[in-house]
Amino acid sequence: MKKSIYSLTKDQLTDWLLERGQKKFRAEQVWNWLYVKRVQSFEEMNNVNKECLQLLSEHFVMQTLKESVKQESADGTIKFLFQLEDGNLIETVLMRFHYGLSVCVTTQVGCNIGCSFCASGLLKKSRDLDAGEIVGQIMKVQEHLDAAGKQERVSHIVVMGIGEPFDNYTNLMNFLTVVNDQKGLSIGARHITVSTSGLAKKIREFADEQTQVNLAVSLHAPNDDLRSKIMIINKAFPIEKLMDSVDYYLEKTNRRITFEYILLRDVNDHVEEAKQLADLLENKRHLSYVNLIPYNPVDEHGQYQRSTPEAIDAFFQTLKKRGINCGVRMEQGTDIDAACGQLRSKQIKKEKVAN
């Protein structure tokens, strides 16, 4: 299978063309056609010479994703199920906020992190996505927006879909480079957030990149006993090791970290856990924000339920009183398959039944 042209950063595209006898300015032309004019085929690049176009078409394809299912919510959220060239399925979500249009992208086919409450891990990881397949998700969503004719553009990205982004580090960084390029999609680094389940070594590596991209850590519990029960990853990177890497990141970048905390009824949503969380973040509260997330129930994880509004409020108020910056995430897409990985899992089950 040919590689997606979206896999290449501008520098990589430039080097690739130079190695094959093309002029440097050809890369600028091709880049502009791809990300500013957003053409659907190489043939549409009408100011690029035939030799260059032939080279590109011989070695690359433009898009390797095909829309399989599209669910639209009453609040404007759209969940896409895309099929890759090898037949695998991935999810991408478009969300509307007052500050712009945000897309949640997937980085792996399946997930091996094994969080016990999560729909993404119902199907184990079979492979990483290459950079072009991640960029391709943004391009397909932008194609949908362009077709609507409202002059809307993707302005924000969250790397929080299926998979652990830091377990696919090189492709992740190439993706970030592509979408951030000022002469292309020009999505500001501070409008991009990467979420990790807590791969401590990669958090340090990411800190060393000195990028302006935001970091979110999926914490979900304030102590090792509880976190290990609901997140297997905690056995490899317990909270002390995770927080050491967080401290390194904060010292290196002086950038705020968001801590994601899914509230599970009678599991991690007591006032006691809120106090423990406040203690854990006490020495870094000036650069911390806790995002409290009401749980989206998943059929296969019936042991977990959404916390009551009263429990959510008590947790929130406890953190606020302790001086911890926090908020309850606004829910979107609740009338469609809201939980990450849920649509993909259901579709694969349907296909198995049909066969």
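The figures that follow rest on heavy atoms only: side chains count, while hydrogens, waters and symmetry mates do not.
- Electrostatic pairing of D247 and K284 counts as a salt bridge here, judged by a charged N lying under 4.0 Å from a carboxylate O.
- Hydrophobic clustering (ILVMFWY, side-chain heavy atoms < 4.5 Å, transitive): I232 and V267 are in distinct clusters.
- For residues 32-44, the pairs satisfying salt bridge (Lys or Arg N to Asp or Glu O under 4.0 Å) are R38-D146, with sequence neighbours left out.
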Next on the checklist: Let's go through T107 and E164 carefully: what are the C-alpha distance in whole Å and the side-chain angles of both, what is the deciding distance for side-chain hydrogen bond (donor to acceptor under 3.5 Å, both in side chains) to 0.1 Å, and is it a yes or a no?
Outcome noted: CA-CA 7 Å; T107 55; E164 165 54 61; over 6 Å; no
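- To the nearest 0.5 Å, atoms CZ (R204) and OH (Y249) are separated by 14.0 Å.
- At least one donor-acceptor pair closer than 3.5 Å links the side chain of T106 to the backbone N or O of I162.
- Side chain of R265 to main chain of R306: a donor-acceptor pair is present (N/O by atom type, distance under 3.5 Å, no hydrogens or angles).
- A donor-acceptor pair under 3.5 Å links the side-chain atoms of S4 to the main chain of M62, judged by distance alone.
- Side-chain contact between V194 and L176 is present, with at least one heavy-atom pair separated by less than 4.5 Å.
- E260 places none of its side-chain heavy atoms less than 4.5 Å from the side chain of V217.
- Remark: aromatic rings of F117 and H220 are close, center separation under 6.0 Å.
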Checklist entry - Does the side chain to side chain contact (heavy atoms under 4.5 Å, CB included) test come out yes or no for I257 and S288, once each step is laid out? => result CA-CA 5 Å; I257 286 186; S288 297; 5.6 Å; no
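- At distances below 3.5 Å, at least one donor-acceptor pair connects side-chain atoms of S7 with backbone N or O atoms of G132.
- Within a 6.0 Å radius of CZ in R329, other residues, nucleotides and ligands contribute 12 heavy atoms or fewer.
- For N171 and N174, the side-chain atoms include no donor-acceptor pair closer than 3.5 Å.
- Using a 30° and 60° split on the angle between ring planes, W31 and Y35 fall in the tilted class, from 30° to 60°.
- Using a 4.5 Å cut-off on side-chain heavy atoms (C-beta onward), K66 and F82 make no contact.
- A donor-acceptor pair shorter than 3.5 Å cannot be found between the side chains of T9 and D11.
- Residues satisfying the salt bridge (charged side-chain N to carboxylate O under 4.0 Å, His left out) criterion with E28, sequence neighbours excluded, are K10.
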Item to check | Test salt bridge (charged side-chain N to carboxylate O under 4.0 Å, His left out) applied to D86 and R127, step by step | outcome: CA-CA 11 Å; D86 61 5; R127 69 173 178 87; 2.7 Å; yes
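- Scanning both residues, K320 and C326, for their nearest heavy atoms gives CD-SG, 3.5 Å.
- Between I187 and N180, every side-chain heavy-atom pair lies at or beyond the 4.5 Å cut-off.
- Here F175 and Y6 keep their ring centres 6.0 angstrom or further from each other.
- Counting only heavy atoms from C-beta outward, the side chains of H270 and K275 never approach each other to under 4.5 Å.
- The side-chain hydrogen bond (donor to acceptor under 3.5 Å, both in side chains) with N214 is formed by just one residue from the set R256, R190, H191, R255; it is R255.
- Within a 6.0 Å sphere centred on CD of E240, heavy atoms belonging to other residues, nucleotides or ligands number 12 at most.
- Residue K23 places its NZ atom among 12 or fewer non-hydrogen atoms of other residues, nucleotides or ligands, all under 6.0 Å distant.
- Considering only heavy atoms from C-beta on, K79 stays 4.5 Å or farther from K70 through its side chain.
- For the pair L242 and A200, the tightest heavy-atom approach, listed with the atom from each and the gap, is CA-CB, 4.5 Å.
- No side-chain N or O of E85 forms a donor-acceptor pair with one of T64 less than 3.5 Å apart.
- When side chains are defined from C-beta on, M243 counts as touching L219, because their heavy atoms get closer than 4.5 Å.
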Item to check | K24 vs L17, side chain to side chain contact (heavy atoms under 4.5 Å, CB included): CA-CA, chis, key distance, verdict | outcome: CA-CA 7 Å; K24 187 175 182 179; L17 288 172; over 6 Å; no
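- Not one N or O on the side chain of N112 forms a donor-acceptor pair closer than 3.5 Å with the backbone of K124.
- Checked by atom type and distance alone, the side chain of S57 pairs as donor or acceptor with a backbone atom of Q54 at under 3.5 Å.
- Contact between M139 and Q63 at its shortest, heavy atoms only, is CB-NE2, 3.9 Å.
- For L53, the side chain to side chain contact (heavy atoms under 4.5 Å, CB included) criterion is met by F42, M45, V48, not counting sequence neighbours.
- Summarising the local packing, CD of Q210 is surrounded by more than 12 heavy atoms from other residues, nucleotides or ligands at distances under 6.0 Å.
- Scanning for salt bridge (charged side-chain N to carboxylate O under 4.0 Å, His left out) contacts around K202 gives E205, with sequence neighbours left out.
- The existence of a salt bridge linking D208 and K252 is confirmed by a sub-4.0 Å separation between a basic side-chain nitrogen and an acidic carboxylate oxygen.
- Under the 30°/60° scheme for interplanar angles, the aromatic rings of Y295 and Y304 are found to stand perpendicular.
- Y289 and L292 end up in different hydrophobic clusters when Ile, Leu, Val, Met, Phe, Trp and Tyr side chains are linked at under 4.5 Å.
- Note: L81 CG to S68 OG = 5.0 Å, rounded to the nearest 0.5 Å.
- A salt bridge links R322 with D279: the closest approach of a Lys/Arg side-chain nitrogen to an acidic carboxylate oxygen falls below 4.0 angstrom.
- We find that E133 and K3 are not joined by a salt bridge, their nearest charged nitrogen and carboxylate oxygen being 4.0 Å or further apart.
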Donor-acceptor list for residues 154-161 side chains, cut-off 3.5 Å, not counting sequence neighbours:
| residue | atom | partner | partner atom | Å |
| --- | --- | --- | --- | --- |
| S155 | OG | L101 | N | 3.1 |
| S155 | OG | L101 | O | 3.3 |

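- Closest heavy-atom contact between A314 and V271: CB-CG2, 4.1 Å.
- In this structure, D269 contributes its side chain and A311 its backbone to no donor-acceptor pair below 3.5 Å.
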Item to check | Q40 vs E143, side chain to side chain contact (heavy atoms under 4.5 Å, CB included): CA-CA, chis, key distance, verdict | outcome: CA-CA 9 Å; Q40 301 297 311; E143 181 186 325; 3.3 Å; yes
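- Contact of the L263 side chain with the P294 side chain is not registered, since no non-hydrogen atoms from C-beta on lie closer than 4.5 Å.
- By the criterion of side-chain heavy atoms lying less than 4.5 angstrom apart, applied directly or through intervening Ile, Leu, Val, Met, Phe, Trp or Tyr residues, I138 is grouped together with L145 in one hydrophobic cluster.
- T193 and L215 make their closest contact through CG2-C, 4.4 Å (heavy atoms, listed as atom of the first residue, atom of the second, distance).
- Closest of all the heavy-atom pairs between P222 and L277 is CB-N, 3.6 Å.
- The side-chain hydrogen bond (donor to acceptor under 3.5 Å, both in side chains) check on Q108 picks up D128, D167, with sequence neighbours excluded.
- Using a 4.5 Å cut-off between side-chain heavy atoms of Ile, Leu, Val, Met, Phe, Trp and Tyr, with links allowed through other members, V39 and L8 fall into the same hydrophobic cluster.
- Here the two rings, on F206 and F166, have centers that are under 6.0 Å apart.
- In terms of modelled atom types and a separation under 3.5 Å, the side chain of N268 and the main chain of I262 share a donor-acceptor contact.
- No continuous path of hydrophobic side-chain contacts links V61 to L84 [ILVMFWY only; heavy atoms under 4.5 Å].
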